[in-house]
A.B. asks: 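I have a structure I would like to understand better, so I am pasting it below and will then ask my questions one at a time.
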Amino acid sequence: MIDIKAFRENPERFIRGASDKGITIDFARLRALDDERRSILTALEARRASQNQLGKETGLRIGKLKGQLKAAAAEARGAIEVELAALEAAPLKLKAEVTVLEAELANVEPAWHALLMTVPQPPAHDVPKGAGSEQNVEIRRWNPAGFDPSRPFKTNRGFAPKSHQELVKALGLVDFERGVKMSGTRHYVLSGMGMRLHQAVLRYALDFMADRRGFRPMGVPVIVREECMVGTGFFPAGREQAYHIEELRRGGGHDIFLTGTGEVGLMGIHANEVIPHESLPLKYVTSSTCFRREAGAAGKDTAGLYRIHQFDKVEQVVVCRADDAESRRWHATMLESVEMVLQSLELPYRLLQCCTGDLGVKNEDMIDVECWMPGRGENGEYGETHSASRLGDFQCRRLNLRYKDEHGKMQFAYALNNTVIASPRILIPLLEIHQNEDGSVSVPEPLRTHLGGVEKIEASR
RNA sequence: GGAGAGGUGUCCGAGUGGUUGAAGGAGCUAGUCUCGAAAACUAGUAGCGGGCUUGUCCUGCUCGUGAGUUCGAAUCUCACCCUCUCCGCCA
């Protein structure tokens, strides 16, 4: 959520931001609703102030008279009733006015709030302008020794590559047919070394972040209330993307939603809290199952492990002071972690600075990491495996996650998040890059301890 | 799932219709005292919002949430959410 005060002071910034992101918002309406809301509020509060004052001046007297009225003899009642009517006239008039104003406010406020919640965080000043992912800017790429994606796989390795679909089938790692039988399209069963490899990758990434990067490992809910989804900025824009469990309809207290990323659980932890500034930054990592409906992606990446409804992801978040330079430093540090993991797994990758048009509602700066997938497209393609976002105070403002700075001032914290590893998607480059001519797949060194020392996955296992 | 108890400020806790944003205590901050500390004493100690005359200014809201009764609600009514205890069931 943006700061409505900042919008009043400098609406241009938000209008330009939304336009750069390619998001259409009726800003004129927002301004009109905001003005209307404030003018109603002013009028309403003036009445309330009068009510409070009258309550102090005549309230007690009214109470006493009402008490007397009950006990009074018939002939004394007339006088009391006259005085009561006189005393009550002013408060009753105010009450009527307040009722009208409250109704007006109830008419305006929900629309004002709903619209405000859809205004996107403006992109950072140095994010390149662009309409969509085609205009993302490559920052750098890295290749392991002996493999250069700019040359054909065959030139690199001396044989034609198999796609990951072929590999997992031949090696018995994934059973798509039975996954679909049980749960429908985009579902799968991990099997044998497929499951072990999946778990190894996750465990390696989590341990790496905890042991080598000082992040606190957390286990968080993946079924959450709507407030968590709204607070983290996934709703309302991404409502269609989330599985929705309608508990209300079957008599439960409230509906729940399956989270599409561990970010929701990690950021929700401190919602509505005030963090002592000494405990910042918070550095959390989690491994969680992620659920995505993939609404609107029909027909896209339908085969294989690329786009699926359920997967697991090790996710890192940082909650830091409201300081742009600090948030940029953490962004770099988090990306460094990702690069260390990918390099240790010997996977070729590149970093892309996303342009304004490729940013979501909530981020002001995003860098995607793409791994080389030899079996993707005609002759291999880079495919997105990671995404690192800086959110400014957008998310913490929605979550009401604040800290008191050293001057005792309340501040909304800044938030960042970044994939450490997402599997099974990461298995695509992992299997395809490390495949051998005989159809086996070599296991990168860091994963072996998590696979009982296995160095090579072969069909027989 | 059944039965019961309860949700008040940073924390504990009082408060069952009237000036209560809220007694009392703890904690925290500052001061006095002290060579220093402790103790004691004194004072201070919420958040969010609106206004303009932007001020050591005025003002509204907040006692789980929402609606209602009332001139007036932390206090009464209704619905909901949450927590805890016991029983049942269970990975």
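Every chain is numbered from 1 and lettered A, B, ... according to where its sequence line falls, protein lines coming before strand lines. What you see below is based on every heavy atom in this structure, not just the backbone, and it leaves out hydrogens, waters and symmetry mates.
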A.B. asks: Sequence neighbours left out, what pairs pass ring pair (Phe, Tyr, Trp, His ring centres under 6.0 Å) with at least one residue falling in residues 26-75 of chain A?
C.D. replies: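 Checked against ring pair (Phe, Tyr, Trp, His ring centres under 6.0 Å) - neighbours excluded - the pairs reaching residues 26-75 of chain A are A:Phe7-A:Phe27.
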
A.B. asks: I want to verify a distance call: between B:rG49, B:rC48, B:rC61, whose nearest atom is closest to the A:Arg48 side chain?
C.D. replies: B:rC61

A.B. asks: Give each protein N/O atom lying under 3.5 Å from an N/O atom of nucleotides 75-83 of chain B, with the pair distance.
C.D. replies:
{"unit_1": "B:rC81", "atom_1": "OP1", "unit_2": "A:Gly253", "atom_2": "N", "d": "3.2"}
{"unit_1": "B:rC81", "atom_1": "OP1", "unit_2": "A:Gly253", "atom_2": "O", "d": "3.3"}
{"unit_1": "B:rC81", "atom_1": "O3'", "unit_2": "A:Arg225", "atom_2": "NH2", "d": "3.2"}
{"unit_1": "B:rC82", "atom_1": "OP1", "unit_2": "A:Arg225", "atom_2": "NH2", "d": "3.2"}
{"unit_1": "B:rC82", "atom_1": "OP1", "unit_2": "A:His254", "atom_2": "NE2", "d": "2.8"}

A.B. asks: Please give, in whole Å, the distance from B:rA46 P to A:Met410 CE?
C.D. replies: 11 Å

A.B. asks: Which residue pairs pass the ring pair (Phe, Tyr, Trp, His ring centres under 6.0 Å) test with at least one member in residues 66-97 of chain A, sequence neighbours excluded?
C.D. replies: none

A.B. asks: On a whole-Å scale, what distance lies between the P atoms belonging to B:rC71 and B:rU20?
C.D. replies: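 It works out to 22 Å between them.
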
A.B. asks: What integer number of Å spans the C1' atoms of B:rA74 and B:rG64?
C.D. replies: 12 Å

A.B. asks: With a 3.5 Å cut-off and sequence neighbours excluded, list the donor-acceptor pairs that the side chains of residues 440-449 of chain A form with protein atoms.
C.D. replies:
{"unit_1": "A:Ser440", "atom_1": "OG", "unit_2": "A:Asn436", "atom_2": "ND2", "d": "2.9"}
{"unit_1": "A:Ser440", "atom_1": "OG", "unit_2": "A:Asp438", "atom_2": "OD1", "d": "2.6"}
{"unit_1": "A:Ser442", "atom_1": "OG", "unit_2": "A:Asn436", "atom_2": "OD1", "d": "3.4"}
{"unit_1": "A:Ser442", "atom_1": "OG", "unit_2": "A:Asn436", "atom_2": "ND2", "d": "3.0"}
{"unit_1": "A:Arg448", "atom_1": "NE", "unit_2": "A:Val443", "atom_2": "O", "d": "2.8"}
{"unit_1": "A:Arg448", "atom_1": "NH2", "unit_2": "A:Val443", "atom_2": "O", "d": "2.9"}

A.B. asks: If I pick the C1' atom on B:rA22 and the same atom on B:rG15, what distance separates them, to the nearest angstrom?
C.D. replies: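 Per the computed distance, 9 Å lies between those C1' atoms.
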
A.B. asks: Tell me the interatomic distance from A:His113, atom NE2, to B:rG49, atom P, rounded to whole angstroms.
C.D. replies: 12 Å

A.B. asks: Determine the stems involving RNA chain B; a stem requires 3 or more consecutive pairs of the Watson-Crick or G-U wobble kind, each with both distances below 3.5 Å, and the answer is none if no such run exists.
C.D. replies: B:1-7 with B:81-87, B:10-12 with B:24-26, B:27-32 with B:40-45, B:46-51 with B:57-62, B:64-68 with B:76-80

A.B. asks: Could you check how far CG of A:Leu105 sits from P of B:rC61, rounded to whole Å?
C.D. replies: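 After rounding, the reported distance stands at 13 Å.
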
A.B. asks: Suppose we screen for salt bridge (charged side-chain N to carboxylate O under 4.0 Å, His left out). Which residues come up paired with A:Arg196, at least two apart in sequence or across chains?
C.D. replies: none

A.B. asks: What integer number of Å spans the C1' atoms of B:rU8 and B:rC82?
C.D. replies: 15 Å

A.B. asks: Between the side chains of A:Gln121 and A:Gln395, is a donor N or O closer than 3.5 angstrom to an acceptor N or O?
C.D. replies: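 No.
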
A.B. asks: List every contact pair, protein side and nucleotides 51-57 of chain B side both N or O, where the distance is under 3.5 Å.
C.D. replies:
{"unit_1": "B:rG51", "atom_1": "OP1", "unit_2": "A:Arg38", "atom_2": "NH1", "d": "2.8"}

A.B. asks: For residues 279-286 of chain A, dump all side-chain donor-acceptor pairs below 3.5 Å to protein atoms at least two apart in sequence or in another chain.
C.D. replies:
{"unit_1": "A:Ser279", "atom_1": "OG", "unit_2": "A:Pro276", "atom_2": "O", "d": "2.8"}
{"unit_1": "A:Tyr284", "atom_1": "OH", "unit_2": "A:His270", "atom_2": "NE2", "d": "2.7"}
{"unit_1": "A:Thr286", "atom_1": "OG1", "unit_2": "A:Met218", "atom_2": "O", "d": "2.6"}

A.B. asks: Using whole Å, report how far CD of A:Glu273 lies from P of B:rC11.
C.D. replies: 11 Å

A.B. asks: Quick one: list whatever passes salt bridge (charged side-chain N to carboxylate O under 4.0 Å, His left out) with A:Arg8, sequence neighbours left out.
C.D. replies: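 A:Arg8: salt bridge (charged side-chain N to carboxylate O under 4.0 Å, His left out) contacts with A:Asp34.
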
A.B. asks: How close or far is atom P of B:rC61 from atom CZ of A:Arg47, stated in whole angstroms?
C.D. replies: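 My rounded result for the distance is 14 Å.
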
A.B. asks: With C1' as the reference atom in both, quote the distance from B:rG25 to B:rG88 in angstrom, rounded to an integer.
C.D. replies: 42 Å

A.B. asks: What is the distance from CG of A:Leu54 to P of B:rG60, rounded to the nearest Å?
C.D. replies: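 It is 12 Å, rounded to the nearest whole Å.
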
A.B. asks: What is the distance, rounded to the nearest whole Å, between atom CE of A:Met1 and atom P of B:rG49?
C.D. replies: 9 Å

A.B. asks: B:rU53 and B:rA46: how far apart are their P atoms, nearest whole angstrom?
C.D. replies: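 Those two atoms are separated by 29 Å.
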
A.B. asks: If we take the P atom in both B:rG6 and B:rC78, what is their distance in whole Å?
C.D. replies: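 Here B:rG6 and B:rC78 have their P atoms 16 Å from each other.
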
A.B. asks: Compute both the distance and the angle, then confirm whether A:Arg425 meets the cation-pi test with A:Tyr306: under 6.0 Å from the six-membered ring centre, within 45 degrees of the axis.
C.D. replies: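 Satisfied, under 6.0 Å and within 45°.
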
A.B. asks: Exactly one of A:Ile421, A:Thr419, A:Ile426 should register a side-chain contact (heavy atoms from CB on, under 4.5 Å) with A:Lys313. Which one does?
C.D. replies: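 Of A:Ile421, A:Thr419, A:Ile426, side-chain contact (heavy atoms from CB on, under 4.5 Å) with A:Lys313 is met by A:Thr419 alone.
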
A.B. asks: Check the interface with nucleotides 64-73 of chain B: list each N/O to N/O pair with the protein under 3.5 Å, or write none.
C.D. replies:
{"unit_1": "B:rC71", "atom_1": "OP1", "unit_2": "A:Lys66", "atom_2": "NZ", "d": "3.4"}
{"unit_1": "B:rG72", "atom_1": "OP2", "unit_2": "A:Lys95", "atom_2": "NZ", "d": "3.4"}

A.B. asks: Quick one: list whatever passes salt bridge (charged side-chain N to carboxylate O under 4.0 Å, His left out) with A:Arg390, sequence neighbours left out.
C.D. replies: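 A:Arg390 satisfies salt bridge (charged side-chain N to carboxylate O under 4.0 Å, His left out) with A:Asp324, A:Glu364, A:Asp365 once adjacent residues are dropped.
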
A.B. asks: Given that A:Arg397 and A:Leu44 both sit by RNA chain B, which one's nearest nucleotide is further toward the 5' end?
C.D. replies: A:Arg397

A.B. asks: Report yes or no: do A:Asn400 and A:Arg398 form a side-chain donor-acceptor pair below 3.5 Å?
C.D. replies: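 Judged by distance alone, the side chains do not pair up.
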
A.B. asks: Mind checking the C1' distance from B:rA5 to B:rA91? Whole angstroms is fine.
C.D. replies: 29 Å

A.B. asks: Evaluate the side-chain hydrogen bond (donor to acceptor under 3.5 Å, both in side chains) criterion for residues A:Asp368 and A:Ser387: first the C-alpha distance (whole Å), next the side-chain angles of each, then the deciding distance (0.1 Å), finally the verdict.
C.D. replies: CA-CA 4 Å; A:Asp368 278 353; A:Ser387 187; 3.0 Å; yes

A.B. asks: Tell me which pairs pass ring pair (Phe, Tyr, Trp, His ring centres under 6.0 Å) where either residue lies in residues 193-213 of chain A, with sequence neighbours left out.
C.D. replies: none

A.B. asks: So, is A:Asn52 near the phosphate of B:rU59, with a side-chain N or O under 4.0 Å from OP1 or OP2?
C.D. replies: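 Checking A:Asn52 against B:rU59: no side-chain N or O falls below 4.0 Å of OP1 or OP2.
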
A.B. asks: Has the side chain of A:His164 got a donor or acceptor atom that lies under 3.5 Å from a matching backbone atom of A:Leu305?
C.D. replies: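 Checking the backbone N and O of A:Leu305 against the side chain of A:His164, a donor-acceptor pair under 3.5 Å is found.
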
A.B. asks: Determine whether the aromatic ring centres of A:His244 and A:Phe257 lie less than 6.0 Å apart.
C.D. replies: yes

A.B. asks: Nearest-Å distance, CD (A:Glu9) to P (B:rG50)?
C.D. replies: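 In whole Å, B:rG50 P and A:Glu9 CD are 11 Å from each other.
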
A.B. asks: Under 4.0 Å, heavy atoms only, any strand: does A:Lys5 hit a base, just the sugar-phosphate, or nothing?
C.D. replies: sugar-phosphate

